[in-house]
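If you're wondering where the values come from, they're calculated on a predicted model, not measured in any experiment. Because only heavy atoms are used, hydrogens play no part in the values below, and waters and symmetry mates are left out as well, while side chains stay in. We name chains A, B, ... by the order of the sequence lines, and we start the count at 1 in each one.
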Amino acid sequence: MNIQEKVQKAIEKLYGTALNASQVQLQKTKKEFKGHLTLVVFPLLKISGKNPEQTALEIGEYLLKNESVFAEFNVIKGFLNLVIAPAYWIEILNTINSQAHYGTKNADSNAPLVMIEYSSPNTNKPLHLGHVRNNLLGYSLAEIMKANGYKVVKTNIVNDRGIHICKSMLAWKKWGNGETPQSSGKKGDHLIGDYYVLFDKEYKKELKELQANGLSEKEAEVQSALMAEAREMLRQWEAGDPETVELWKTMNSWVYTGFDETYKALGVDFDKIYYESETYLDGKEKVLEGLNKGVFYQKEDGSVWADLSADGLDEKLLLRSDGTSVYMTQDIGTAKQRFDDYPINKMIYVVGNEQNYHFQVLSLLLDKLGFEFGKGLVHFSYGMVELPEGKMKSREGTVVDADDLVTEMIETARETSNELGKLDGCSPEEAQKISYTVGLGALKYFILKVDPRKNMVFNPKESIDFNGNTGPFIQYTYARIQSVLRKATEQNILLPVEINKNILINEKEQYLVQLLSEFEGVVKEAAESYSPAIIANYIYELAKEYNQFYHDYSILREENKEMKDFRLMLSANIGKAIKTGFSLLGIDVPERM
RNA sequence: GGUCCGGUAGCUCAGCUGGAUAGAGCAACAGCCUUCUAAGCUGUGGGUCUUGAGUUCGAAUCUCAACCGGAUCACCA
């Protein structure tokens, strides 16, 4: 029986009436007051028939007499602040300490399976800051779902076909002189991206020339020879022209090699990758099936549509008049393949909020097509990453490249560490490892601590801070805890297995145990509300409180052995929670820094 | 215009299933390194929680309206 239940039962007994849980408002006591938990008595006034102070007093006295968990209480206005006995906190710490994986659950064989789609890059340019947020959120969400006992399949749908890749292919064919990642030393995705940019440049040039010859902008676009060539290439690709397909395969493989490097640097991975080139035909088939069943309808020009006006939306195109598929068609095909491949109970799409409408429609369409999971699909919708000057714009060259960003973060971490003398006496390998851990930790934490739904501002110039509410601060706290534990081992002090309940721990220590005990609930809440940010902010709170404690009390110099044992155990378990919490964010934690 | 999302300190963000005097970090200022790691700690200043109304014992939190910002409403992906 937890404390909430105990309190509810006691109040029921005191007044002789049944209560529902919402009437027992037990919350964490605000810091400026003494106590751990606070009962708000306003909802109980009708039952007690007395004023707030009297009611609180009455309940407090009753609880103190009948529940050994409580040591004392105080009443301020309508608030009953309850102080929990130190022994209870020690009991909790002992329990936490006995769990190897405190805060997380393992999936059992009949646990529900959740598939998480994230990343989903186009193959015509390298990953940028927006993708970074996507990847970090997706990976973290997967870890969080796992920690809550789900089976998780991480998946990636690669948008490998379409006019965009043809543009890069064409530019490379025309002006590339056979350049390869090997010959130029460029990373494959950047190489392709460069040709995509080159195409755009040449295309703009052509448009300008055409317009100079008196054509309107629209006419110029129609007459563009370059664009016509790109379209022709796409047709050839769809027709299976061997040469085009071969080039496509080669260039895509360069991109994948490049992406793999970026994914590896970010520490994200996938269990199953789908390619649009392999799913779009299935989508087409599904749509035609829907047409036959009368779920969709066809217009005179041959295009296929879904009428969603009954659901408050408008009409949506599913197949073009020439029979080719659109974005939505592909997503239907991909969904079909996935559910053929896995017994998926829950499907989560990590995709930016600019596609909210798309997923609203997809959900309805899948449902209409008879996929039972359609209605319940989750669009994990996250906000954009903006720069201090506003949005990232490729035309203005303000796009923050993922690889550059990672490199800079590691470099900044190295410089800062050097300045602080942290890397003195480290081997080059160790120094590199620490710089990587800290740099990536700063980046990941910075992005994940923000509520995913919100747009966020990222200032690359000031880079990311290493002080205050940051990843490195938390990593630093962890490293210090490890340092204490190492020193303890050196002094032949064994980590205690159980603490004597009767030692008197101070308020700060009680609070730390209380905070620690909330970890489990936080992990659960993060999964329910799909928010890594909840974990990030909690871990920061924990680390901050511990740092303050650490500053005020020395552990190894404590003379009282039981006290020393307690503090060691507390430290070890807070370290454990930080490590676990960070692993749910996909952030590593260094043993020393 | 329709739909959706957001607006909290100079800046970046917590808090939002209604509870006490709205919290952190950064930036500014003043202190603390013979003490288990100073990427730290302590203190000071900083607020019309966009605005207005409503619900209530009580509203940053819920409702409605307005204003501001963003997204979306393609035979683009």
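- Checked against side chain to side chain donor-acceptor pair (under 3.5 Å), K28(A) has the following partners two or more places apart in sequence or in another chain: Y511(A), E518(A).
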Any N/O pairs under 3.5 Å between the protein and nucleotides 25-33 of chain B? List them or say none.
from   : atom 1 : to      : atom 2 : distance (Å)
G25(B) : O2'    : N469(A) : N      : 3.3

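- With sequence neighbours left out, I47(A) forms a side-chain contact (heavy atoms from CB on, under 4.5 Å) with Y15(A), T17(A), L19(A), Q23(A), L44(A).
- By the side chain to side chain donor-acceptor pair (under 3.5 Å) test, K286(A) pairs with E289(A), sequence neighbours left out.
- For the contact set between residues 556-574 of chain A and RNA chain B, defined by any heavy atom under 4.0 Å, the members are L556(A), R557(A).
- Taking 4.0 angstrom as the limit, R453(A) places none of its side-chain polar atoms (N or O) nearer than this to OP1 or OP2 of C4(B).
- Y476(A) pairs by the ring-ring contact (aromatic ring centres under 6.0 Å, His included) definition with nothing, not counting sequence neighbours.
- Judged as a side chain to side chain donor-acceptor pair (under 3.5 Å), and not counting sequence neighbours, Q360(A) has no contacts.
- Checked against the 6.0 Å centroid criterion, the rings of F473(A) and F466(A) do not qualify as a close aromatic pair.
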Produce a footprint string for nucleotides 59-64 of chain B: one letter per nucleotide, 5' end first; B if the base is under 4.0 Å from any protein heavy atom, S if only the sugar-phosphate is, - if neither. ------

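- The side chain of S554(A) places no N or O atom within less than 4.0 Å of a non-bridging phosphate oxygen (OP1 or OP2) of C36(B).
- Side-chain N/O atoms of R486(A) include none lying less than 4.0 angstrom from OP1 or OP2 on U37(B).
- Proximity of K422(A) to the phosphate of U37(B): no side-chain N or O atom is located under 4.0 Å from OP1 or OP2.
- Not counting sequence neighbours, the partners of R235(A) by the side chain to side chain donor-acceptor pair (under 3.5 Å) test are E232(A).
- At the phosphate of U72(B), neither OP1 nor OP2 sits under 4.0 Å from any side-chain N or O atom of Y357(A).
- Applying the salt bridge (Lys or Arg N to Asp or Glu O under 4.0 Å) criterion to D200(A), with sequence neighbours excluded, gives K204(A).
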Reading nucleotides 14-21 of chain B from the 5' end, what letters show protein touch, with B for base, S for backbone sugar-phosphate only, - for no heavy atom under 4.0 Å? S----BBS

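- Between the side chains of N81(A) and T38(A), a donor-acceptor pair is found at a separation under 3.5 Å.
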Each base of RNA chain B marked ( ) or [ ] if paired in-strand (Watson-Crick or G-U under 3.5 Å), | if paired to another strand and . if unpaired gives ((((((((.[[[[.)...(...]]]].(((((.......))))).....[[[[[..)....]]]]])))))))....

